[in-house]
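Below, read A as the first sequence line, B as the second, and so on, with proteins coming before strands; counting in each chain starts at 1.
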Protein chains: 2
Amino acid sequence: MVSLKDIAVKCGVSIATVSKALNNHKDISEATKELINRTAKEMGYLPNSFARALKTNKTYNLGVLFADEANNGLTHDYFNRVLNSFKEEAERKGYDITFINKHVGEKCLSYYEHAKYRGVDGIVIACINFYDPDVVELIQSDIPVVTIDHVFDNRTSVVSDNIKGMQDLVTYIYQMGHRKIAYIHGADSSVTRNRVGSFYKTCGELGLTIPDSYVQSGIYRDPESTALLTRQLLNLKERPTCILFPDDFSSIGGINTIKQYGLRIPDDISVAGYDGIFLSQFLEPKLTTIRQDTESIGRSAAEKLIAMIENPKASIIERVVVEGRILIGNSVKKQN
Amino acid sequence: MVSLKDIAVKCGVSIATVSKALNNHKDISEATKELINRTAKEMGYLPNSFARALKTNKTYNLGVLFADEANNGLTHDYFNRVLNSFKEEAERKGYDITFINKHVGEKCLSYYEHAKYRGVDGIVIACINFYDPDVVELIQSDIPVVTIDHVFDNRTSVVSDNIKGMQDLVTYIYQMGHRKIAYIHGADSSVTRNRVGSFYKTCGELGLTIPDSYVQSGIYRDPESTALLTRQLLNLKERPTCILFPDDFSSIGGINTIKQYGLRIPDDISVAGYDGIFLSQFLEPKLTTIRQDTESIGRSAAEKLIAMIENPKASIIERVVVEGRILIGNSVKKQN
DNA sequence: ATTTTTTACTTAATCGTTTGCGACAAAGTA
DNA sequence: TACTTTGTCGCAAACGATTAAGTAAAAAAT
């Protein structure tokens, strides 16, 4: 690989001059800058990122920490959409991405240690057990951090507006004439608490009292458990007229169960999902759901993180709330 | 951050000794090794990966190059499964992952340049236009490369056995009594050519002649185009009794079209997918498909790549072919 | 007892950058 | 003329590690 030294020799100047010229310092004449830039290009020079990082302590690398309970990893359809837009925004700004894990060589170490080892400039944390001590260590560390879908008071966060999302969804269903609304929610997390809280609050404001049997604790992205709980709901004496599922994906389990039960959607019973994954718009019937704006969430997270990194002093704690949008399909029927 | 120097001072030895002790060289006494390791741990020492990389030219970083035509990125359900298992295997061996792109700072450069800049030890290439000059540059470069689902004669590759997969699928469908089999395939690629070729070959061997109108050129992971082409097939004078879709995901478009057309699956017409994504087993009816072993594909790719990196001289070109497995659902009906 | 080998460690160069400081000439100012 | 300013550029240290070569003492061999 051609280094600054090679260019320096060819141009008959010192290494320092080459470095400064390439970095466009003001104490180099335009003429030599031009010469150096030209020969650098000719020789196919590429900066050495380690050498640079070693000296400047800046890597242009962002850490991504993500681990859902089911260990879906990159196959997690919400996370990979968020990550994809995060990645695109980061790359646009010249940053690369490194996944934070607990390995380095044969050794196992903490997330913080791995992040330090790789020298990431900042970290985005998503879809994780935020009470994991290793995560807490990261949150309290000296590394810039942005969290997604969870709020810490000393950290900037980007969250999907699950409160408004659920409110919009319930309100729409109410306006369609439903009064008996059931909700199979996912495992406990900030997201779940917001959704469940908003579900109860909105129902309350609309004058609905929801029996405990209508709110079931399920698992995200698990069609099987959703199917099971759906069956329980269908067996209730007073059957709900509409069921909210944990998410679009798991709704497939619920929908199948309902059909097997001999009920038609939406004629006999209505359903709704959450997420707005691409697939949801191809289900039969087309699913009514809340489309989370994963595009904005990922992009905002990258923007905020990079802003923190590049302007450390001005870093104020920000709370970005990204609204979703209701997608009205054919899965919720107008009641009369 | 605590460095070798700090440990050296504390232990009263030279930096070199500390380095060697930590790396378990044989010319350091057990006693001092023990001392150094202990104080290193006490002081919370972490090696500096750049410094190490600068000296050794080894980063323990693997480049991932991936860009499908539709620019799905990480949301691509086949790729993200492959990548996920690649990542897990890599991490288990102490390697991290870096996405190769064309950015570095404000500049745009080639994949090769980006890879060199980041100093990745090797690269895995998947789901990409392998005729892109920038990809060819990488293939012909000095960097260890493993390709997925495409074979170059000078490079190790891991491919899903699309030939056997399609053969199994067609044979099964034939055994179920079908003689009029249509195939909506995806856009041109190695994968597509293998599948289409195997489709024709298997049909031929089974004594079937497939009219041109039965083989349609569609788009992967696109329910809409698949829906359109499905309708064309349904409108044929001599309608096929079974339709193969490009993949499970796009099959949803086809299935919906068939239902809207007033036909029942599998009673009136049979269908099959390809991929074996999780979802396919929750469709109604459960989809008959080929489950590609993404787990093995990703893992093998990581294994082969790391083997090449860690044993450069012994590197022979390998061709790993990973067989899929037919998943028999209820979407193909026994004909009489 | 002397030489050789082994053990255990140190010295110092090196990887490719960045950057504060100093040097020196040309230009400006008094 | 003498001094200061300005514009260019080089020197050299530093970042944190690795490693070949050297050294001194202890152990083994003669």
Separation of [N] [atom2] from [X] [atom1] (nearest whole Å):
X	N	atom1	atom2	result
A:I7	C:dT18	CD1	P	11 Å
B:K5	C:dT11	NZ	P	13 Å
A:L4	C:dT17	CG	C1'	6 Å
A:K55	C:dC15	NZ	P	17 Å
A:M1	C:dT17	CE	C1'	16 Å
B:L46	D:dA17	CG	C1'	14 Å
B:I15	C:dT14	CD1	P	17 Å
B:L54	C:dT18	CG	P	12 Å

Do you see a donor-acceptor pair shorter than 3.5 Å between the side chains of A:N84 and B:T75? no
Does any donor atom in the side chain of B:D149 or B:Y78 lie under 3.5 Å from an acceptor atom in the other side chain? yes
Students often get this wrong, so: under 4.0 angstrom with heavy atoms, is [X] touching a base, only sugar-phosphate, or nothing?
X	value
A:S29	sugar-phosphate
B:S3	sugar-phosphate
B:N23	sugar-phosphate
A:S19	base

With a 4.0 Å limit, can you tell me whether A:T32 has a side-chain N or O closer than that to the phosphate oxygens OP1/OP2 of D:dT8? no
Is the distance from OP1 or OP2 of D:dA17 to the nearest side-chain N or O of B:Y45 less than 4.0 Å? yes
Rounded to the nearest 0.5 Å, how far apart are CD1 of A:I317 and CG of A:D153? 9.0 Å
To the nearest 0.5 angstrom, please state how far the OG1 atom of A:T98 sits from the NE2 atom of A:H114. 7.5 Å
Hey, are B:K116 and B:E113 close enough for a salt bridge, meaning a charged N less than 4.0 Å from a carboxylate O? no
Start at the 5' end of DNA chain C and walk down; is the nucleotide closest to A:R52 or to B:S14 reached first? B:S14
Measuring only between side-chain heavy atoms, which start at C-beta, is A:I148 closer than 4.5 Å to A:F66? no
Please write out the pairs of protein N or O atoms and N or O atoms of nucleotides 20-25 of chain C separated by less than 3.5 Å, giving the distance to one decimal.
from	atom 1	to	atom 2	distance (Å)
C:dG20	O6	A:K20	NZ	3.3

Output the single nucleotide from C:dG16, D:dA17, C:dC9 whose closest atom is nearest the side chain of B:T17. C:dC9
So B:H76 and B:F79, would you call those rings parallel, tilted or perpendicular, with 30° and 60° as cut-offs? perpendicular
